[in-house]
Amino acid sequence: EAGVAQSPRYKIIEKRQSVAFWCNPISGHATLYWYQQILGQGPKLLIQFQNNGVVDDSQLPKDRFSAERLKGVDSTLKIQPAKLEDSAVYLCASSLGTGANVLTFGAGSRLTVL
Amino acid sequence: QKEVEQDPGPLSVPEGAIVSLNCTYSNSAFQYFMWYRQYSRKGPELLMYTYSSGNKEDGRFTAQVDKSSKYISLFIRDSQPSDSATYLCATLGSSNTGKLIFGQGTTLQVKP
């Protein structure tokens, strides 16, 4: 079974620039999550999709972050404009459904904002 | 107060030692608890998954939940250098949505 694919793995940008991350979940997984992991901290949920609908985006900074899940499969997370404090690893995860399901994480996209 | 608290370490032990990793949580309603292992520059991978109180064993790993004290533990027996990683405890914040709440993570180094 192929895992969760993410790209790019690394990205360096200047503050106020924009960046986009892409995620392809495990085939058949209806639920997709984007987590932000700042260095030395645990992952924090940014947004959760069930198929192509948003389940939870309460911690997404909506003035600069946006995310979509096209046709209930792939997802993109965009940051515009980026701030220094956005430097982090952006982890995508997927699961079969909601509730007490096992999450499978991708390797993450590491963003450095200068 | 954070919902899940974990000592970040780092923790350094010799090969073969017994390792104890711990977390506390604040909400007595939490029922599901997990331990994830994260190697450097990799995503977290599920190690152990427990429901409510009690112990669960899987090879060299034992997960323990004490709901009366809101305490979660992971024990690693006969630790190996390949166990060197960051260990994240997590709880299911919402059984409806599947949202996980993570601790800060404890960095473990097992020296040969």
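Numbered from 1 within each chain, the chains take letters A, B, ... in sequence-line order. Keep in mind that this is a model prediction, so the values were computed, not measured.
- The hydrophobic cluster containing Ile79(A) also contains Phe49(A), counting ILVMFWY residues as joined when their side-chain heavy atoms lie under 4.5 angstrom apart, directly or transitively.
- Residues of residues 61-70 of chain B lying under 4.5 angstrom from chain A, judged on non-hydrogen atoms, do not exist here.
- No hydrogens or angles considered: a donor-acceptor pair under 3.5 Å links the side chains of Thr86(B) and Thr107(B).
- Of the N and O atoms on the side chains of Gln59(A) and Asp57(A), not one donor lies less than 3.5 Å from an acceptor on the other residue.
- In this structure a side-chain-to-backbone donor-acceptor pair under 3.5 Å is missing from Lys2(B) to Gly103(B).
- Trp34(A) and Ser75(A) form a side-chain donor-acceptor contact under 3.5 Å, judged by distance and modelled atom types alone.
- Neither the backbone nor the side chain of Gln6(A) comes within contact range of chain B; no heavy atom of the residue lies under 4.5 Å from a heavy atom of that chain.
- None of Tyr71(B), Phe102(B), Tyr32(B), Phe33(B) except one satisfies the ring-ring contact (aromatic ring centres under 6.0 Å, His included) rule with Tyr25(B); the exception is Phe33(B).
- Ion pair Arg64(A)/Asp86(A) flagged as a salt bridge, since at least one NZ, NE, NH1 or NH2 atom sits closer than 4.0 Å to an Asp/Glu carboxylate oxygen.
- Ranked by heavy-atom pairs under 4.5 Å with chain B, the first of Lys44(A), Gln37(A), Arg9(A), Gln50(A) is Gln37(A).
- A ring-centre distance under 6.0 Å is found for Tyr36(B) and Phe105(A).
- If you measure heavy-atom distances from Tyr10(A) to chain B, the contacts under 4.5 Å come from the side chain alone.
- Note on Cys92(A), Gly40(A), Ser95(A), Gly108(A): by heavy-atom pairs under 4.5 Å with chain B, the leading option is Gly40(A).
- When heavy atoms are compared at a cutoff of 4.5 Å, Pro44(B) approaches chain A by way of both its backbone and its side chain.
- Proximity to chain A (any heavy atom under 4.5 Å) is shown, for Gln31(B), by neither the backbone nor the side chain.
- Checking Ser73(B) against Asn22(B) by side-chain atom types alone, a donor-acceptor pair falls below 3.5 Å.
- Interface remark: Tyr39(B) contributes no atoms to any contact with chain A (heavy atom separation under 4.5 Å).
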